[in-house]
Structure formats: C-alpha cells, structure tokens
J.: 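Got a structure here, written out as structure tokens. Questions coming.
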Amino acid sequence: MTIHTLPVHLPLVDISRFHAGPAERERFIADLRKILHDHGFFYLTGHGVDPKLVADVIANSKRFFALPLEQKLEIEMVKSPHFRGYNRAGYERTRGQQDWREQLDINTEGTAVEIGPNTPAWKRLLGPNQWPAALPELKPLLLAYQAEVTRVGIDVLKAIAVALGQPEDAFAQIYEPQPSQLLKIIRYPGREVAETDQGVGAHKDGGFVTVLLQDTVPGLRVQTEDGVWLEAPPVPGTFVINTGELLELATNGFVRADVHDVIAPPAGVERFSVAFFLGSRYDATIPVIALPEELKREERGVTVDPLNPIFREVGQNHLKSRLRSHPDVARAHHADLLTPEQLAGEAVASAY
C-alpha cells in the first residue's frame with residue numbers, strides 16, 4: 001500500500017491535552033482558540049479511537065463499493081424520503097455541479113414520522129437507514145463507528161466551548177438528547193470515470209464539526225481566508241476536523257467555517273474516505289454566544305453566500321442542504337417543497 005506524502009500545512013491538535021492537568025489544559029485551550037480563529041481545520045490526535053475499528057471501517061467500505069452495481073442500487077437513495085442510502089458518482093451536486101464520488105449515507109437510526117399539513121418540513125428527515133443485504137456486517141460496524149466519532153465530536157465541541165470562554169456543556173442545550181449524526185462512506189473514482197476534476201465542489205460544512213477519516217490517497221484541499229488553497233493529505237492515526245457553519249453562526253464569525261473541496265484522483269487511482277458530520281438537534285435554533293470581550297473584538301461576522309443562505313433554524317438548514325444536494329430525491333419525495341424550475345430540473349446552477 002502506498003502512503004502519499006505531501007507537506008502538511010494544517011495544525012495538529014492532541015485532544016488528550018484537554019484532559020491533562022490544569023496547566024497543560026490551559027496551554028491547549030490557548031492553542032486551540034488561535035486555531036479556531038485562523039484555520040477552522042486541523043488534524044486530531046489523541047482521540048482514543050481503536051485503530052482496528054478504523055481499519056475495519058475502511059476495509060468494509062471498500063467491500064461495499066466493490067459489490068455489483070445492482071446490489072448497491074437495491075438501497076439507492078432515491079428510494080428513501082429521508083435521504084439515506086447509496087448514490088452513484090455524479091448524483092450529488094455542490095453549487096449546481098456534479099460531484100464525482102459514490103457514497104453511502106446513513107444518519108441516526110430511527111422511525112419515520114407521519115407527515116401532516118402542520119408538521120414541520122424537517123421532520124421528513126427522520127427515519128430508518130438503508131443497509132445492503134449483501135453485506136450484513138456493515139450495519140453493526142458503521143453504527144459502532146458512528147457512536148465513536150460522535151463521542152470524539154462532542155469531546156472536540158466541549159474543548160471548543162472552553163476555548164470560547166464558555167462552560168464545557170455550552171452547546172449541549174442544542175444537541176442533547178440527540179444530535180444529527182450524518183455519516184458517509186465515500187469512494188472517488190479516477191479521472192477515467194470522472195467527467196471533471198470535481199470530487200466534491202467548494203463548500204462549507206453545515207454542522208458543528210466534521211470528523212473526517214482519510215485512507216491513503218490525497219485530494220482534500222482547504223481555502224484560507226486570503227484565498228490560498230492548502231493540501232490536506234492523509235496523516236496516519238489522525239482525523240481531519242473542521243468547524244462548520246453552526247459554529248460560525250454561534251460565534252458571529254469568530255470561529256471559521258472554511259471552504260474546502262476534493263479533487264478527483266488521477267486515472268487508475270481511487271480514493272476512499274469516511275466523513276462524519278456532527279450537528280445540532282433538528283428542532284434547535286442556533287443562538288449567538290456572548291463571547292468574552294477580547295474574543296468579541298475578533299468577530300468577523302457571518303459569511304453570506306447568495307447561492308447558499310444559512311438559517312439559524314437547524315432543521316430548515318439541514319433540509320435545505322439535502323434538497324439542494326440530492327435533486328432526484330427531492331423531486332421523487334418532496335415535490336411540494338420545490339419551485340417549478342426545480343421540479344423540471346431546470347436552472348440547476350442557480351437553484352442548487
């Protein structure tokens with residue numbers, strides 16, 4: 001197996017320092033505070049996730065994507081009104097353009113809610129996952145991994161709260177008792193399959209934090225505040241953490257939610273990753289945190305993108321994202337939420 005080596009420009013954060021003695025914890029918090037303001041992206045070490053679990057998730061992800069297409073299509077996302085299941089490469093969109101990756105999306109296991117005329121639209125997101133009959137071991141494995149990265153994400157979120165001058169549990173009021181737990185296993189085919197170099201187009205993540213596991217092939221890039229693109233290659237034993245729009249909203253822009261993308265790998269090469277997006281409860285509204293005065297002076301305000309408006313109502317924000325990213329599912333199950341242009345599949349670049 002080839003490990004691709006590229007310069008590492010992003011900082012490394014050892015989360016075990018957060019649980020060390022008072023002096024070390026204080027130094028860690030100071031370091032993290034600067035990173036949150038300057039980067040929004042970092043490599044995480046000291047997270048305590050079993051390397052065997054990580055290896056099993058990567059190996060079984062590869063087994064899933066190696067299944068015959070017809071077996072993967074048995075759980076195609078368009079069959080799920082809850083946006084769960086398998087997507088072929090080119091079936092998800094970022095800013096209106098096709099993303100060249102195939103993936104399996106799961107979220108918190110649940111049951112569907114009966115939707116009436118007065119039911120909030122975001123409740124359509126609640127429901128069961130779809131699992132491949134040909135690979136029954138995938139369900140318990142991914143749910144175990146989902147639980148572990150939820151633990152990691154909440155640990156990071158607690159450290160972020162302290163770095164912002166807040167109690168550890170400052171965000172618990174908007175993620176307890178059940179945060180959003182979107183997990184994607186992802187395969188990027190090489191350029192001989194991809195019609196463009198867009199593995200995933202430039203975007204910000206919408207949740208609290210993303211916990212990204214990369215296999216061995218690079219492709220992730222991060223855009224700095226001044227527009228420079230930095231490579232974020234795989235570093236064994238780490239996760240890549242990035243802060244999302246919920247934290248940018250909650251801190252009036254003190255915490256960065258960086259734009260990032262993935263470049264499709266070269267011809268004959270495939271790239272695998274596992275992305276976990278920790279978000280708030282769907283029924284929550286994101287408050288603005290009263291930061292200490294020395295941090296408040298560094299607030300930058302929330303970035304406004306006319307093609308991707310951000311709502312403080314979490315469920316509305318998440319549903320908007322799913323409808324934009326998966327127009328086939330939106331038209332199949334949620335036509336009443338779409339404009340006539342979206343229903344016709346027209347004006348995609350501006351609508352999505």
Side-chain angles (χ1 to χ4, degrees), residues 64-65 69 72-110 112-113 115 120-132 142 180-189 194-196 198-207 210 244-245 261-262 264 273-277 279 282 305 307-311 314-352:
F64 171 75
F65 291 118
L69 179 60
K72 291 183 286 188
L73 291 179
E74 290 175 0
I75 57 168
E76 192 172 16
M77 184 183 284
V78 75
K79 298 177 180 179
S80 166
H82 319 295
F83 297 89
R84 320 288 181 94
Y86 170 72
N87 270 303
R88 286 174 278 185
Y91 274 62
E92 185 177 21
R93 293 177 179 269
T94 299
R95 298 181 66 85
Q97 304 302 311
Q98 289 174 293
D99 292 328
W100 288 97
R101 61 179 183 174
E102 58 173 332
Q103 58 196 335
L104 174 66
D105 283 36
I106 71 167
N107 209 315
T108 308
E109 277 283 10
V113 174
I115 303 298
W122 58 261
K123 289 200 172 183
R124 305 176 189 212
L125 298 169
L126 304 177
N129 293 307
Q130 296 193 87
W131 298 101
L142 290 189
S180 173
Q181 299 171 290
L182 177 59
L183 179 70
K184 294 173 177 272
I185 59 172
I186 307 164
R187 173 185 173 268
Y188 297 87
E195 296 179 8
T196 71
Q198 179 172 309
V200 177
H203 66 287
K204 295 182 178 184
D205 290 344
T210 301
E245 291 173 327
D261 68 4
V262 174
S273 65
V274 182
F276 174 71
F277 306 90
Y282 288 138
D305 181 349
L307 293 182
N308 184 23
I310 305 173
F311 306 112
V314 172
Q316 183 182 4
N317 217 31
H318 194 70
L319 180 61
K320 171 214 67 176
S321 174
R322 300 266 86 186
L323 292 171
R324 291 169 63 245
S325 298
H326 300 284
D328 57 335
V329 181
R331 287 192 291 269
H333 299 285
H334 308 292
D336 58 311
L337 302 178
L338 305 181
T339 66
E341 292 79 13
Q342 291 169 327
L343 278 171
E346 299 170 358
V348 170
S350 60
Y352 299 111

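Everything numeric in this text was worked out from a predicted model, so none of it was measured. No hydrogens, no waters, no symmetry mates; every other heavy atom, side chains included, goes into these values.
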J.: Using the six-membered ring wherever Trp is involved, compare the ring planes of Tyr86 and Phe64 and label them parallel, tilted or perpendicular (cut-offs 30° and 60°).
T.: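 Tyr86 and Phe64: perpendicular rings.
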J.: Of all the heavy-atom pairs spanning Asp99 and Gly201, show the shortest one and how long it is.
T.: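 The pair with the smallest heavy-atom distance is OD1-N, 3.0 Å.
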J.: Tell me, please, which residues at least two apart from Arg84 pass salt bridge (charged side-chain N to carboxylate O under 4.0 Å, His left out).
T.: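 None.
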J.: About how many Å separate NE2 of His318 and CG of Leu323, when rounded to the nearest 0.5 Å?
T.: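 Spacing of CG (Leu323) from NE2 (His318) equals 10.0 Å.
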J.: Starting from the C-alpha separation in whole Å, work towards a yes-or-no answer on side chain to side chain contact (heavy atoms under 4.5 Å, CB included) for Leu125 and Arg322.
T.: CA-CA 9 Å; Leu125 298 169; Arg322 300 266 86 186; 4.0 Å; yes
J.: Taking all atoms of both residues into account, what is the closest heavy-atom pair of Gln130 and Gly85, and its distance?
T.: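 Looks like NE2-CA, 3.9 Å.
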J.: Could you check whether any side-chain heavy atom of Trp131 comes within less than 4.5 Å of a side-chain heavy atom of Ile106, counting everything from C-beta outward?
T.: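 Trp131 reaches Ile106 side chain to side chain.
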J.: Please find the pair of heavy atoms, one from Val200 and one from Asp261, that lie closest to each other, and give the distance.
T.: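 For Val200 versus Asp261, the nearest heavy atoms are O-CB, 3.2 Å.
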J.: Decide yes or no for Asp105 and Glu92: does some side-chain heavy atom of the first lie under 4.5 Å from some side-chain heavy atom of the second?
T.: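 Counting from C-beta outward, Asp105 and Glu92 never come under 4.5 Å.
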J.: Does the Glu74 side chain pair with the main chain of Pro132, one donor and one acceptor, at a distance under 3.5 Å?
T.: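 Judged by distance alone, no pair lies under 3.5 Å.
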J.: Give a yes or no on this: more than 12 heavy atoms of other residues, nucleotides or ligands lie within 6.0 Å of atom NZ of Lys79.
T.: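 Correct, the count exceeds 12.
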J.: Does Leu126 offer a backbone N or O that forms a donor-acceptor pair with the side chain of His82 under 3.5 Å?
T.: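 At least one qualifying donor-acceptor pair exists.
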J.: Side chains of Arg101 and Val262, heavy atoms from C-beta outward: is any pair under 4.5 Å?
T.: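 No - every pair of side-chain heavy atoms lies 4.5 Å or more apart.
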J.: Under 4.0 Å between a side-chain nitrogen and a carboxylate oxygen: does that hold for Glu76 and Arg88?
T.: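 Salt bridge: yes.
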J.: What's the spacing between Gln103 CD and Ser273 OG if we round to 0.5 Å?
T.: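 If I round to the nearest 0.5 Å, the distance is 9.0 Å.
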J.: Roughly how far, to the nearest 0.5 Å, is CG of Asn87 from NE2 of His326?
T.: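 With rounding to 0.5 Å, NE2 (His326) is 5.0 Å from CG (Asn87).
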J.: Nearest 0.5 Å, please: how far is CZ in Phe83 from CZ in Arg124?
T.: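 Reported value, rounded in 0.5 Å steps: 9.0 Å.
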J.: Count the heavy atoms of every other residue, nucleotide or ligand shown that sit under 6.0 Å from OH of Tyr91, and state whether that count exceeds 12.
T.: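 Not buried by this count: 12 neighbours or fewer within 6.0 Å.
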J.: Locate the shortest heavy-atom distance separating Phe277 from Lys184; write the atom from each residue and the value.
T.: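 That would be CE1-CD, 3.8 Å.
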J.: Roughly how far, to the nearest 0.5 Å, is OG of Ser180 from CG of Asn317?
T.: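 Asn317 CG to Ser180 OG: 11.0 Å, rounded to 0.5 Å.
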J.: How far apart are the closest heavy atoms of Trp100 and Gly90, and which atoms are they?
T.: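 It is CE3-N, 4.0 Å.
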J.: Any idea which heavy atoms bring Leu319 and Trp122 closest together, and the distance?
T.: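 Looking at all heavy atoms of both residues, the shortest contact is CD2-N, 4.0 Å.
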J.: Who are the side-chain contact (heavy atoms from CB on, under 4.5 Å) partners of His333, not counting sequence neighbours?
T.: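 Result, side-chain contact (heavy atoms from CB on, under 4.5 Å) vs His333: Pro81, Val329.
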J.: So, taking the atom named NZ in Lys320 and the one named CG in Leu337, what distance separates them when rounded to the nearest 0.5 Å?
T.: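 CG of Leu337 is found 14.5 Å from NZ of Lys320.
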